[in-house]
Structure formats: structure tokens, C-alpha cells
Novice: 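Would you mind keeping the following structure in view while I ask a few things?
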2 protein chains.
Amino acid sequence: MSDAPSAAEEIMDGVYSALRAHGYADLTMRDIADECSKSKSLLHYHYDTKEDLLVAFLEYIVSDSEKRIAARADDPPVERLVQFIGWFVFAPDETDREAFHIALLELRTQGPFNERIREELARSDRLLRGTVADILADGIEAGVFREVDIEETAAMIVATLDGARTRQITLADSVREEEDDGYTRTVAEATLRRIVEPLLTEGAELPALDTAIEALRRDPDGGADADADRGADADPDGGADDAE
Amino acid sequence: MSDAPSAAEEIMDGVYSALRAHGYADLTMRDIADECSKSKSLLHYHYDTKEDLLVAFLEYIVSDSEKRIAARADDPPVERLVQFIGWFVFAPDETDREAFHIALLELRTQGPFNERIREELARSDRLLRGTVADILADGIEAGVFREVDIEETAAMIVATLDGARTRQITLADSVREEEDDGYTRTVAEATLRRIVEPLLTEGAELPALDTAIEALRRDPDGGADADADRGADADPDGGADDAE
DNA sequence: GCTCATTGACTGACCGGTCAGTCAACGAGC
DNA sequence: GCTCGTTGACTGACCGGTCAGTCAATGAGC
């Protein structure tokens, strides 16, 4: 239980804050250094180049998502799928979660220009689509889902949620109306009703999205085992909570 | 019918080419100037700042999409919807179009940080979602679509297609298998089968996606009126072909 | 000869990265 | 338990290079 966060962690937090404050295109080493109250030189001491630092950051958040998903691997398929969908939804006031997705989206745009980043993004894609595919396969085996084209269904669910979130992020915030609980949520509900529900076999029941989101909010790491290996060094603000 | 393209048009073409070649994050005024064989100073003569220029470019391509969509406003609803969906799909070998969408995505990520860009993106969103909503409304009136929640359906269709294309773009060639004609296409087909088809009333028939795409490719401006005002100087590769 | 479009040369700001050096912690030797 | 050499973490000053933006001068058209 070291209460002093390691330098590496502080720097990762700095990248995260700087990214949400400035966006990728305007991100400088100075921004990152300022954001974690360190010197620019220190960043270069730990990471040779700016690219190295950003790749490390991507690795960091993708790995975090991997852990979170793994922690829920044993939940029942239907609950797990609804929870996965809920994962993409965030209310307008959840600035942290939203800012995180902004940061990630910025990084995604660099995929086409940077192989190392692209590699990491591909890993994240395998993680997300693979997770949905696993859930579907488990559900089919357990008899709660009909036999559908697993890959296609997974691709479609991920694309839809990702697209909704991207649109919400890029269009949002200053002009947002109060009562709008988020474009993503509307689409997530529609996804459940129009894509997931037709998948269910007779008798299988779909939990409410709100319930799943609430559960995620209360227990972001998945209740599974309390000794989840992030354990000792888990940072206080929960760190990165998703990956693309 | 001026055969000499105006400076403004040449500059817009320059922005387009430069964005394709360099992406947004690495886009410089020199890149744009070189791409349209003009001087950097001239760009500043016509547009005070780089931001002004980019906002003007966004306006330009959104307006272009507006015209293209308007040109097809009188097509039958079902065909129009399938064509709209086909609009999002491009084959892996269309590198130009893909590169442009990459740049556009980068521009979109500037939304959260730049109000003028965000404004233009919002206009584009209204255009896309509004178009689908119009098509659905027309189709319901014409009796070819069931009475559904128009806004929700439009939101979902646009989110799905946009998400699929974004994923295809950002993950690019590393994950792509040869026989894969594009992630977007898979999702577009699935969208037709799982979202659009359940909308149809008895007797209504869904045209094939390929047919719609082929029609778009042959006649990008919509057969309506041949004097479409870009007319004379339309650049060979079709120029800006979409808006987010 | 006046206006407008256009240019090349220029500037100040700022970027990523380097480098010489500071500082606290730690262990070895006595 | 004090000193001293060593090491790893960290910093401020600085460098070459690049960027957006400026400006005086030139040319084209009327």
C-alpha cells in the first residue's frame, strides 16, 4: 500500500489531464509536464521521445480496460452484455469519463500515421469485439441467446456504441441541452431493444440499462475478487476506465 | 460557367489535398499552399488565420453534402435510405476517400476545443440525422415504413454507420484481411438486415446495397439536374465527398 | 495610375529534445 | 555514527528547427 504514487503513474495522469485539456493536435511536452507538476526534462528522462510517452500511455489505458473486463468474465452472459453496453454510456455531468473518451478519440486519429499506436488500437479492438463475441458465444452455449452470426453481431454492437459516443463527444458540451442525458444513451437503449432483445431465447429477460450502469458506477472494477491485482497501487481517481 | 476556378475554390481543393496527404495534426499552411501551387502569404490574404481557413473548409464540405443530399430529395424513400447507407461504405482500395475521412475525423476531434468547428459539426449532424429522419417520415407517409420512433431510428442508423467507418479508418490495414471488403460494409449490410428491414411494411422490397453503391459511384451528384453548380471545375477525384 | 491579387523575405514564438548540473538517498569504510 | 563516493531522480537553461503570421514590393487588369 504505497500511498505515494510512482513517477510513472503521475506522468500517465499528466498525459491524461493534458490530453483532455488541450487535445492531441495541440499537446506539447510542456503541457504534460505542467499537468503533473514535473519538468519537461523528466518526461524525457523516463521516455526517450514524445511518441514513446504516448504509446506508453495507450498501453496503460488499454491494459486497464483488459483488467476491468477480465474481472467480470464470470458474470452471466445477458447481464454482462447489458453491462458492456452500459459501459459506453455516460451522463453529461461525468466530465471525467467523457474527457477520457475525448483523449482516447484524439489518440485514435493518429493510428493511420503511427504503426505503434495502430498496433495498440488494434489490440483494443480485439479486446472490445472479442469480449462481445465471447459473451455471445457463452450465451448461445447457455441457451439464452439464439444462434446468430457472432462476429457480425459483435461488430455491429461495437460500431454502434462507438459511433454514438464519438458523435456525442465531438458535438457536445457547450451547446448541450440540460435534459439531454446523452446521445449515447438513446442509442444504447435502442441497441438493446433492436439488436440485443431479438437475440434472446424465450424466457430470457433483459435487465434494465440503468441498473447495469448503476452497478458499474458503484463497483467499476467488477465485484469478482476484492484482491484484484491492481490492488496496491490503484490510483485514487480510478484511472483510465475504457479503451477503444 | 467560368472555366477558371476561383482562388477560393483552388484553396479549398488545396486544403483537401493537404489534409489527405498530411492529416490534421501535421497540417501546415505551407502544406496547403504547396498543394494548390500558391504562396503561403496568399492564404493569409484570403483568410486571416489558419483557423479561419479550416472553418471555411468545413463550411465548404458540409455545404457540398447539403447539395448532394438535396439533389436526391425526390427519390423514393426506400431507395434513398439504402443509398444513404451506401454512401458511408468505401472499399479498401479507395485510399483517397479513406485518407480524407481520416483528416475529417481529426477535424472532428477539434470540436470540443473550438466552438466554430463544433458549430459546423453540429450543422453536419443535423444534416445527416435530419436527412434520415426525413426519409423515414416520407416513407411512413408513403406507407412503405412502419410507424417507428423517427428520431431514435435516425440516431441509431447514423451512429452505427459512423462508428463502423471510424473503426475501419482508425484501425486501417493492420487488422484488415484481404478478402475483407471493409468493416464498414459488413456493418452496413447488417444495418440493412437488422434495422432497416424490420421497418418495411408488407410488400415493400429492399434493394441490394451494391446496386445503390454502384449508382452513387456512377452519378455522385444525383441525376436530378445536370447543371449542378460545382460543374465546370469539379476535380477529377470527386473532391470532398461527405460531411460528419 | 489606381486597385486588387500575389509573392518572397522575414520575424517572434514555440516546439521537441539535449545537456550540464543539483539534490536526496544509500551503502561502504572506518 | 560520521564521512564520502555513487547512483537515480529530477531541473533550468539552452539549441536547432519549424510554425503562423507580417510586410514591403511586384505585377495584372482596367
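Sequence lines set the chain letters: A, B, ... in the order given, protein chains first and strands last, and positions in each chain run from 1. Values in this document were obtained by computation on a predicted structure and should not be read as measured data.
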Novice: Test of understanding: with salt bridge (charged side-chain N to carboxylate O under 4.0 Å, His left out), list the residues that count as partners of A/Glu59, not counting sequence neighbours.
Specialist: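 Listed in chain order: nothing, the list is empty.
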Novice: Which of residues 44-51 of chain A sit near DNA chain C, with a heavy atom under 4.0 Å from it?
Specialist: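 Output list: A/His44, A/Thr49, A/Lys50.
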Novice: Which residues satisfy the side chain to side chain contact (heavy atoms under 4.5 Å, CB included) test with A/Thr131, sequence neighbours excluded?
Specialist: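 Once residues adjacent in sequence are excluded, the partners of A/Thr131 under the side chain to side chain contact (heavy atoms under 4.5 Å, CB included) criterion are A/Ile69, A/Arg80, A/Phe84, A/Leu127, A/Ile135.
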Novice: Sorted by first residue and then second, give each side chain to side chain donor-acceptor pair (under 3.5 Å) pair with at least one member in residues 37-48 of chain A; sequence neighbours left out.
Specialist: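 Pairs touching residues 37-48 of chain A that pass the test: A/Glu10-A/Lys38.
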Novice: Does A/Arg108 come within less than 4.0 Å of A/Asp125, counting only side-chain N to carboxylate O?
Specialist: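 No.
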Novice: What residues form a salt bridge (charged side-chain N to carboxylate O under 4.0 Å, His left out) with A/Asp52, not counting sequence neighbours?
Specialist: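 A/Asp52: salt bridge (charged side-chain N to carboxylate O under 4.0 Å, His left out) contacts with A/Arg116.
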Novice: Run the side chain to side chain contact (heavy atoms under 4.5 Å, CB included) test against B/Ala159 and tell me which residues pass, sequence neighbours left out.
Specialist: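 Expected list: A/Ala164, A/Tyr183, A/Val187.
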Novice: Which residues satisfy the side chain to side chain contact (heavy atoms under 4.5 Å, CB included) test with A/Ala212, sequence neighbours excluded?
Specialist: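 For A/Ala212 the side chain to side chain contact (heavy atoms under 4.5 Å, CB included) partners, ignoring immediate neighbours, are A/Val82, A/Gln83.
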Novice: Taking salt bridge (charged side-chain N to carboxylate O under 4.0 Å, His left out) as the test, write out the residues that go with B/Arg217, two or more places apart.
Specialist: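 Per chain and number, B/Arg217 pairs via salt bridge (charged side-chain N to carboxylate O under 4.0 Å, His left out) with B/Glu94.
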Novice: Counting the atoms with a prime plus P, OP1 and OP2 as sugar-phosphate, which does B/Leu27 contact under 4.0 Å by heavy atoms, base, sugar-phosphate, or nothing?
Specialist: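 Since only primed, P, OP1 and OP2 atoms lie under 4.0 Å of B/Leu27, the category is sugar-phosphate.
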Novice: Near DNA chain D, under 4.0 Å by heavy atom, which residues of residues 30-42 of chain A?
Specialist: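 Those residues are A/Lys38, A/Ser39, A/Ser41, A/Leu42.
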Novice: Apply side chain to side chain donor-acceptor pair (under 3.5 Å) to B/Asp75 and list each qualifying residue two or more places apart in sequence or on a separate chain.
Specialist: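 Checked B/Asp75 against side chain to side chain donor-acceptor pair (under 3.5 Å); zero matches.
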Novice: Mind checking side chain to side chain donor-acceptor pair (under 3.5 Å) for A/Glu66 and listing every partner two or more places apart, or none if nothing turns up?
Specialist: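 In terms of side chain to side chain donor-acceptor pair (under 3.5 Å), with neighbours along the sequence ignored, A/Glu66 is linked to A/Arg123.
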Novice: First and last nucleotide of DNA chain C touching chain B, 5' to 3', heavy-atom cut-off 4.0 Å?
Specialist: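 Terminal contacting nucleotides, 5' to 3': C/dC4 to C/dA9.
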